Amino acid sequence: MTLENKNALYMESISVSFDGFKALNSLSIALDSGELRAIIGPNGAGKSTMMDVVTGKTRPSSGVALLSGRYDLLKLDEVKIANLGVGRKFQKPSVIESLTVRENLELAFVGNRSPLSSLLVKLSSENQDELENTCARVGLSESIKQSAGDLSHGQKQWLEIGMLLLQKPTLLLVDEPAAGMTDTETMRTADLLKSLAGRHTVVVVEHDMDFVEALECRVSVLHEGTVIAEGSHAHVSGDSHVIEVYLGR
Amino acid sequence: MDQLFRKLTLAFVIVVVLYVFINNILFPESFGLGLDSYYLTLIGKYLCFAILALALDAVWGYCGILSLGHGAFFALGGYAMGMYLMRQIGDRGVYGDPLLPDFMVFLNWTELPWFWTGFDQPWFAALMVIMVPGLLAFFFGWFAFRSRVSGVYLSIITQALTYALMLAFFRNEMGFGGNNGLTDFKDILGYPISAESTRASLMILSGLALIFFLIFTSWAMRTKFGRVLLAIRDSEDRARFLGYRVESYKLFIFVLSATMAGIAGALYVPQIGIINPGEFSPLNSIEIVVWVAVGGRGSLYGAALGAVVVNLAKTYFTGAYPDAWLYFLGSLFVLSTIFMPRGIVGILQDSLHWLLPQKSRYRRKSSP
């Protein structure tokens with residue numbers, strides 16, 4: 001493979017079709033290590049399909065996808081990709097409702113994931129500290145003993161982000177984190193995501209333009225399975241093609 | 001709070017075991033308080049069913065795998081035990097053949113089929129009680145979970161599995177006694193099988209097995225392993241994207257559960273005195289689901305309680321109103337699903353919740 005590069009995520013000419021419908025049409029995108037990137041686009045633009053390709057849920061019919069310039073994502077399955085450090089937050093908060101906040105975070109903690117070792121493993125006190133710090137970082141210290149099912153919608157989103165952080169991901173994929181959040185929660189989430197960039201490469205898929213603006217990062221605009229514009233928020237919102245397909249509706 | 005009920009359940013089983021141990025084994029003459037064979041067998045049967053319910057709850061209640069074929073693993077464990085008991089008959093059968101069981105002589109067979117070899121040894125039979133259901137569950141689960149068959153589809157396949165085994169075991173050519181199954185057992189480990197002291201020992205053994213499995217499964221479910229299972233039940237994709245190999249966990253608990261069911265079957269057969277293909281009937285497997293649903297799934301002791309309560313009702317109804325039993329079972333399932341979705345356990349928890357509001361905290365259950 002000649003595509004040795006330093007990109008945290010590198011995708012080139014990725015195409016996915018479902019029964020003739022091209023969900024991704026020769027999509028190419030490259031992310032620098034530690035970058036925060038927002039991906040916007042109207043419904044059906046291929047945002048979720050792109051995440052599915054990166055996490056191994058969907059196999060493209062053609063193209064290249066590399067993680068950290070080294071790992072061929074198209075040859076690995078979901079579990080292997082997750083263990084290489086790709087964390088994914090779903091659009092609908094998917095925390096384990098029957099467990100407490102702490103138990104949810106413990107599950108996410110890096111470590112041996114085989115059934116046998118999970119019977120015997122215990123978190124060390126060091127790890128407990130790290131867990132509690134992460135819990136504080138996503139603003140859930142007071143709810144640590146609560147059942148995750150009793151959290152508010154916004155808190156569930158944060159818990160899920162906290163779980164991702166404990167996976168120590170190199171690449172974080174965050175699908176519509178602000179969906180269903182109040183304005184204050186939305187801004188807190190934007191701050192949280194901004195603080196993650198640098199240490200992690202973060203991809204945020206979002207509909208909410210105010211939220212994207214608050215992220216103050218590069219924006220890629222997806223339309224019909226391909227990137228039609230890329231640049232700062234101000235740049236893409238001035239692009240006539242973008243206005244036509246998305247903003248101008 | 002679940003802890004309290006679990007301990008009460010354990011204590012109850014221990015008391016029953018101790019009572020029988022003291023009055024039937026230690027001092028069978030002195031007090032005259034020993035239970036007679038009818039009750040010993042009945043209690044022994046309930047205890048085996050409780051283990052079986054526990055096995056189903058581990059896969060269904062904790063991992064969301066609704067198996068409608070768990071009766072198959074129970075029956076296979078039972079057949080392995082039955083084969084040992086058949087070989088123990090020796091030349092005391094009706095035809096007096098020193099090697100062949102009666103049904104083989106009747107079919108004019110001249111030699112023992114290869115798969116009957118070794119079953120004269122108790123250790124070999126004990127190994128098979130675990131291995132046969134375990135291996136079947138392993139191969140079945142390997143293919144089903146890898147292809148990500150789940151939900152209703154998996155339930156239907158498990159149902160088909162037990163049905164197919166039933167049809168196969170009904171055939172005389174299979175070499176397991178066909179229609180009549182295996183019966184007329186004489187002794188077990190050298191003790192006469194129908195003696196009251198043997199019955200008492202078998203019942204005690206079933207009780208000890210239940211105690212062991214109750215402690216073992218509730219320990220396992222409190223470890224990280226159990227939490228991963230809950231994660232798979234509540235949100236399979238989340239577990240997978242956290243980096244857990246969902247199919248390995250499902251396979252692990254499915255095989256473990258199948259071996260538990262096999263052991264329950266092996267304890268059941270010497271007490272009941274017969275094993276036939278009827279044990280593979282899909283209806284049996286569905287009944288197990290009803291026990292767990294009535295008891296309350298996802299709490300282990302609830303499954304055990306459900307098995308005992310439903311079977312107490314069965315014993316009464318099949319005696320008093322034999323025609324009404326199936327209607328009763330059906331309405332019990334429907335009513336408990338509608339009015340007590342968390343089963344007997346839910347009622348216990350709610351009543352304690354009402355008595356001690358500040359201490360109560362139960363874990364939410366997701367819908368199947």
Side-chain angles (χ1 to χ4, degrees), chain A residues 51-52 54-57 77-100 102-123 145-150 156 159-160 163-164 166-169 172-173 175, chain B residues 1-2 58-59 61-64 138 141-142 145-148 216-257 297-299 342 360-368:
Chain A
M51 292 215 175
D52 286 346
V54 176
T55 51
K57 200 174 182 186
D77 68 6
E78 291 118 313
V79 173
K80 287 205 178 102
I81 292 173
N83 287 325
L84 279 175
V86 176
R88 177 176 188 174
K89 203 201 95 37
F90 296 96
Q91 189 172 338
K92 188 173 149 259
S94 63
V95 296
I96 316 306
E97 308 219 335
S98 50
L99 298 178
T100 66
R102 176 187 285 279
E103 287 165 343
N104 266 281
L105 292 169
E106 278 176 1
L107 271 190
F109 213 95
V110 284
N112 195 327
R113 261 127 163 84
S114 79
L116 263 182
S117 72
S118 67
L119 276 169
L120 305 166
V121 70
K122 275 265 175 326
L123 278 188
K145 285 184 184 154
Q146 233 176 310
S147 159
D150 296 337
K156 282 182 195 167
L159 173 58
E160 204 178 350
M163 289 164 75
L164 293 190
L166 285 171
Q167 273 183 273
K168 303 214 174 65
L172 257 169
L173 304 170
D175 201 350
Chain B
M1 181 160 63
D2 260 354
V59 287
Y62 284 83
C63 200
F138 182 84
W142 175 270
F145 301 140
R146 291 202 140 232
S147 340
R148 303 212 179 149
F216 172 75
T217 49
S218 35
W219 165 77
M221 294 309 167
R222 273 199 310 271
T223 65
K224 187 174 163 193
F225 175 76
R227 291 181 192 152
V228 177
L229 291 187
L230 287 178
I232 292 170
R233 182 193 75 185
D234 287 1
S235 174
E236 189 167 324
D237 268 340
R238 175 77 284 159
R240 191 171 278 129
F241 287 116
L242 279 174
Y244 291 99
R245 210 161 270 292
V246 169
E247 56 273 22
S248 308
Y249 278 82
K250 284 186 173 175
L251 191 59
F252 194 94
I253 192 66
F254 195 64
V255 171
L256 203 67
S257 166
R297 73 191 182 103
S299 66
R342 280 159 41 238
S360 62
R361 175 178 161 270
Y362 60 84
R363 291 192 159 182
R364 289 166 168 236
K365 300 292 180 293
S366 67
S367 51

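Residue numbering restarts at 1 for every chain, and letters A, B, ... go by the order of the sequence lines. Source: prediction; values computed, not measured.
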**Q.** Heavy-atom contact with chain B under 4.5 Å, split by part of A/Asn104
**A.** neither

Q | Rounded distance [0.5 Å steps], OG in A/Ser118 versus CZ in B/Phe252 | A | 7.5 Å

Q: For B/Trp219, look at atom CH2 and say whether over 12 heavy atoms of other residues, nucleotides or ligands are found less than 6.0 Å away.
A: yes

Q | Beyond-backbone contact of A/Leu99 with B/Leu230, side-chain heavy atoms, under 4.5 angstrom | A | yes

Q. In terms of side-chain geometry, is the basic nitrogen of A/Glu106 or B/Lys224 positioned less than 4.0 Å from the acidic oxygen of its partner?
A. no

Q. What residues form a side-chain contact (heavy atoms from CB on, under 4.5 Å) with A/Ala82, not counting sequence neighbours?
A. A/Gln167

Q: Report yes if some heavy atom in the side chain of A/Glu160 is under 4.5 Å from a heavy atom in the side chain of B/Arg238; otherwise report no.
A: yes

Q. Rounded to the nearest 0.5 Å, how far apart are CD of B/Glu236 and OG of A/Ser94?
A. 12.0 Å

**Q.** Any donor-acceptor pair under 3.5 Å from B/Tyr244 side chain to A/Val79 backbone
**A.** no

Q: Answer with side chain, backbone, both or neither: which region of A/Ile81 has an atom nearer than 4.5 Å to a non-hydrogen atom of chain B?
A: neither

Q) CD/A/Glu103 to CZ/B/Arg222 distance, rounded to the nearest 0.5 angstrom? A) 11.5 Å

Q) Checking heavy atoms, do the side chain of A/Ser117, its backbone, both or neither come under 4.5 Å from chain B? A) neither

Q | Spacing of A/Ile96 atom CD1 and B/Arg227 atom CZ [to the nearest 0.5 Å] | A | 12.0 Å

Q. Rounded to the nearest 0.5 Å, what separation is found between the OG1 atom of A/Thr55 and the CZ atom of B/Arg240?
A. 11.0 Å

Q: Please check if the side chain of A/Arg113 supplies one atom and the backbone of B/Leu242 the other of a donor-acceptor pair under 3.5 Å.
A: yes

Q) Between B/Val228 and A/Leu107, does a side chain to side chain contact (heavy atoms under 4.5 Å, CB included) hold up when you go through it step by step? A) CA-CA 7 Å; B/Val228 177; A/Leu107 271 190; 3.5 Å; yes

Q: Flag the pair A/Glu78 and B/Arg148 as a salt bridge only when some basic side-chain nitrogen lies within less than 4.0 angstrom of an acidic carboxylate oxygen.
A: yes

**Q.** Interface moiety of A/Lys80 toward chain B, non-hydrogen atoms closer than 4.5 Å
**A.** both

**Q.** Short side-chain to backbone donor-acceptor contact, B/Asp234 and A/Val95, under 3.5 Å
**A.** no

Q.
Could you check whether atom NZ of A/Lys168 has more than 12 heavy atoms from other residues, nucleotides or ligands sitting under 6.0 Å from it?
A. yes

Q: Just jot down the ring pair (Phe, Tyr, Trp, His ring centres under 6.0 Å) partners of A/Phe109, sequence neighbours excluded, or say none.
A: none

Q. Can a salt bridge be assigned to the pair A/Arg88 and B/Asp237 using a cut-off of 4.0 Å between side-chain N and carboxylate O?
A. no

(Q) At a 4.5 Å cut-off on heavy atoms, which part of B/Phe241 comes close to chain A: side chain, backbone, both, or neither? (A) both

**Q.** Test item: B/Tyr249 side-chain N/O and A/Ser114 main-chain N/O as donor-acceptor pair under 3.5 Å
**A.** yes

